[in-house]
*Asks:* 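Here's a structure for you.
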Amino acid sequence: AHELDPGLLSATEADKTARDLLMRLGVAFFSMMNVMLLSIAVWSGAENATRDLFHWLSAAIALPTVVFAGQPFFKSAWASLRAGRLGMDVPISLALILASSISLFETIHSGHHAYFDAAVMLCFFLLIGRYLDYRTRAIARSAAEELAALEVPRATVLEDGAQLVKPISEIAAGDIVLVRPGGRMPVDGVVIAGTSELDRSLLTGESLPVFAGEGAVVSAGEVNLTGPLTLRVTAAGRDSSLHRMADLVAVAEAAKTRYTSLAERASSLYSPLVHLLSFSAFGFWMWKTGGDLRYAINISAAVLIITCPCALGLAVPAVVTAASGKLFRKGLLIKQGTALERLAEVDTVVFDKTGTLTLGTPEPTNLDAHPAMAVEVALALAGASGHPLARALAEGARARGIRPARVEDLREVPGYGVEGVWKGRRVRLGRAEWCGAAAPVAETATWLCTGEDAAPRPFTFADRPRPSPDGGGGAVRAAGGGVILLAGDPDPAVAALAQRLGIGEWASGQLPAEKAARVAGLTAEGRRVLMVGDGLNDTAALAAAHVSISPASALDAARVASDIVLLGQDMAPIADAVRIGTQASRRIVENFLISGGYNVVAVPLALVGMATPLAAALAMSLSSITVSLNALRLK
């Protein structure tokens, strides 16, 4: 538990925005249906006072609807104009305002045609695109904020034999700090007293604890597991390694936000062209008709409506929604709307090892090689410890139906292991040197000592591999791309896994900054990197990559930094993601071509005055439906 961060409550804002858009969409749909009914009466031959009455009724429904339901577009357009840009919402807002204003003017002057139905229909279709777009983007807190949340706000400082709790901001290099078992390191420092074991997955990604005794160097964010430690502070607060990692992630996230989506690139060309066409049409017809303002504004509005980027606004969200649904059924959750576009460009996959290609949970490999009595004693000792290897040994023994021996006076010695008394003899399970073993047989081994007359017995472990560990790598390799393994683990384990998966390029002992630097280096070479990782040590690399994937079992900060979350244990869906990402990008381009083709045909008709605002709205709706149906082909 830690102090409440008001930022955590911001997730509820996302729900409010979704509900707000849905409510505006519902109002626009209800109004569109009613205005359309009144319009049919006018089209059927209603004249004079009856026609005017129906127009006024339509105005009473449509004008409040456009003001209310069009708020998202008006606000966005105003923000664009204040920033000196012509965003896609500027022509949309102009079309809504012009169509409504012309219709009100025609109604006041008993005109034959009013286009309230066009304005409301326009609003409805645009809101569909906006809502779909919003639904595809997961509202997630920044990964840098998640890392900052791991910073311990206070620490216990030893001064003249007294224990004082101080804020981190008041702690300086040279102070003496006490860290109790189960606590997270508040500072970088050196151990001056005590023995324990540390969970260093934050920095190395290695899930197995490491021994910490006098002289050991510790970093902020590491977890003290078994015994109290007294540290001399070397760095605290903004100078700590954890804070430096948060800065790395923040820089990488800022770089990723500069990616320009296909829709943004299209709108940067589209919006100025639309305004130019509309104003040109207005100027031409003012000159042609000798100053007939009413006629010129009608044609200008028809051009704006017929070119209004409904299909363009739906082109990306409709495809992303269809692709996201397909990938979700395969076990992948898309968090970022542009992730599919970026996935289609990938030519290099970088994998983390522990927790990504493997499950990060050790399992015993040689239980059957030991006598039953030795395993029963080991089970009794392992059951008294929360150490990952002890838990794995206990689970493996119980799975084989083995029952624990009767061991008394059980006691855990911080940093070393568990000991007890069995049949009057002292028995131990733990570190090699503590159990009297000459040398460790492997990094991941624990030893059992049952007395002076029996040699210590090693219990070895291996990390459990994921099903289809090379799922995404195989797909990229088949397309001519490269696969790289970057791990914080020592050489032997990484080399063995790389050989088994056929990965030629790998590196071990990688720290967070080194992983991020490697990904940044590949990007600088012009390569598009897909990073797959799960640990806090992968967070900076995940944020720096062109696109990133984390398993659902990953730590919060890693999941937040990722664009896609893998929901199951099998890695095979990553290959599906690469394939579907390519298909989705193709559909988006097709949708832009459909939208462009429609404009090539419809705009000349509007420019020469052959399309009323109502006909323009119907044609625009038809292009929106066509784009949506094309997107659904992904399913």
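Values below: all heavy atoms of this structure, side chains included; hydrogens, waters and symmetry mates excluded. Along the sequence shown, residues are numbered consecutively beginning with 1.
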*Asks:* So L522 and R528, do their side chains get closer than 4.5 Å, heavy atoms only?
*Replies:* no
*Asks:* Could you check whether any side-chain heavy atom of M121 comes within less than 4.5 Å of a side-chain heavy atom of M36, counting everything from C-beta outward?
*Replies:* yes
*Asks:* Verify side-chain contact (heavy atoms from CB on, under 4.5 Å) between N591 and I588, making sure each step is shown before the conclusion.
*Replies:* CA-CA 5 Å; N591 279 350; I588 289 170; 5.7 Å; no
*Asks:* Regarding K326 and D576, does a basic nitrogen lie under 4.0 Å from an acidic carboxylate oxygen?
*Replies:* no
*Asks:* With rounding to the nearest 0.5 Å, note down the distance linking CG in L327 to CG in L343.
*Replies:* 8.0 Å
*Asks:* Do any N or O atoms from the side chain of S93 and from the backbone of F73 form a donor-acceptor pair under 3.5 angstrom?
*Replies:* yes
*Asks:* Does any non-hydrogen side-chain atom of L332 lie less than 4.5 Å from one of L566?
*Replies:* yes
*Asks:* Return yes when atom CZ of F30 has more than 12 non-hydrogen atoms of other residues, nucleotides or ligands closer than 6.0 Å, and no otherwise.
*Replies:* no
*Asks:* As a quick check of understanding, evaluate side-chain contact (heavy atoms from CB on, under 4.5 Å) for V350 and V532, giving each step before the final call.
*Replies:* CA-CA 6 Å; V350 175; V532 188; over 6 Å; no
*Asks:* Between N630 and I594, is there a side-chain heavy-atom distance shorter than 4.5 Å?
*Replies:* yes
*Asks:* What's the separation between atom CG in L127 and atom CE in M23, rounded to the nearest 0.5 Å?
*Replies:* 11.0 Å
*Asks:* Kindly indicate whether the side chain of M33, heavy atoms from C-beta on, has any atom under 4.5 Å from the side chain of L37.
*Replies:* no
*Asks:* For A62 and V120, work out which heavy atoms get closest and say how close.
*Replies:* CB-CG2, 3.5 Å
*Asks:* When you measure from the side chain of S550 to the backbone of G533, do you find a donor-acceptor pair of N or O atoms at a distance under 3.5 Å?
*Replies:* yes
*Asks:* Are E106 and H55 close enough that a side-chain donor and a side-chain acceptor fall under 3.5 Å?
*Replies:* no
*Asks:* Considering non-hydrogen atoms only, spot the tightest contact between S100 and A119 and give its length.
*Replies:* OG-CB, 3.8 Å
*Asks:* When rounded to the nearest 0.5 angstrom, what is the spacing between CH2 in W56 and CG in L38?
*Replies:* 14.5 Å
*Asks:* Could you tell me the separation between the OG atom of S31 and the CZ atom of F29, rounded to the nearest 0.5 Å?
*Replies:* 10.5 Å
*Asks:* Quick check on side chain to side chain contact (heavy atoms under 4.5 Å, CB included): which of V519, T523, I484 does T348 satisfy it with?
*Replies:* I484
*Asks:* I'd like to know if the side chain of T107 and the backbone of S103 have a donor-acceptor N/O pair within less than 3.5 Å.
*Replies:* yes
*Asks:* Decide yes or no on salt bridge (charged side-chain N to carboxylate O under 4.0 Å, His left out) for E590 and R587, but give the supporting numbers first.
*Replies:* CA-CA 5 Å; E590 286 172 6; R587 294 282 177 274; 3.4 Å; yes
*Asks:* Any heavy-atom pair between the side chains of S548 and I564 that's under 4.5 Å?
*Replies:* no
*Asks:* Please determine whether the number of non-hydrogen atoms from other residues, nucleotides or ligands lying under 6.0 Å from atom CZ of F68 exceeds 12.
*Replies:* yes
*Asks:* If I take atom CG from residue L104 and atom OG from residue S58, how far apart are they, to the nearest 0.5 angstrom?
*Replies:* 12.0 Å
*Asks:* For R579, does its backbone N or O pair with a side-chain atom of Q583 as donor and acceptor, under 3.5 Å?
*Replies:* no
*Asks:* Any side-chain heavy atom of K330 sitting closer than 4.5 Å to one from I580?
*Replies:* yes
*Asks:* Go through it in stages, so that I can follow the logic: the residues are L96 and F74, the test is side-chain contact (heavy atoms from CB on, under 4.5 Å), and I'd like the CA-CA distance, side-chain angles, deciding distance and then a yes or no.
*Replies:* CA-CA 9 Å; L96 290 172; F74 299 146; 4.1 Å; yes
*Asks:* If you look at every heavy atom in A28 and A69, which pair is closest and at what distance?
*Replies:* CB-CB, 4.2 Å
*Asks:* Check whether any side-chain heavy atom of R19 lies under 4.5 Å from a side-chain heavy atom of L22, and answer yes or no.
*Replies:* no
*Asks:* Is the closest side-chain donor-acceptor distance between D117 and S39 under 3.5 Å?
*Replies:* yes
*Asks:* Let's go through V589 and S585 carefully: what are the C-alpha distance in whole Å and the side-chain angles of both, what is the deciding distance for side-chain contact (heavy atoms from CB on, under 4.5 Å) to 0.1 Å, and is it a yes or a no?
*Replies:* CA-CA 6 Å; V589 172; S585 287; 5.7 Å; no
*Asks:* Looking at P551 and D534, what are the two nearest heavy atoms and their distance?
*Replies:* CD-CB, 3.8 Å
*Asks:* In Å, rounded to the nearest 0.5 Å, how long is the span from CD of E345 to CG of L530?
*Replies:* 12.5 Å
*Asks:* What closest approach, in Å, do A545 and M531 show between heavy atoms, and which atom pair accounts for it?
*Replies:* CB-CB, 3.5 Å
*Asks:* Ignoring hydrogens, what is the shortest heavy-atom contact between D52 and S110? Give both atom names and the distance.
*Replies:* OD2-OG, 3.0 Å
*Asks:* Check for a donor-acceptor pair, side chain of T289 on one end and backbone N or O of D292 on the other, with a separation under 3.5 Å.
*Replies:* yes
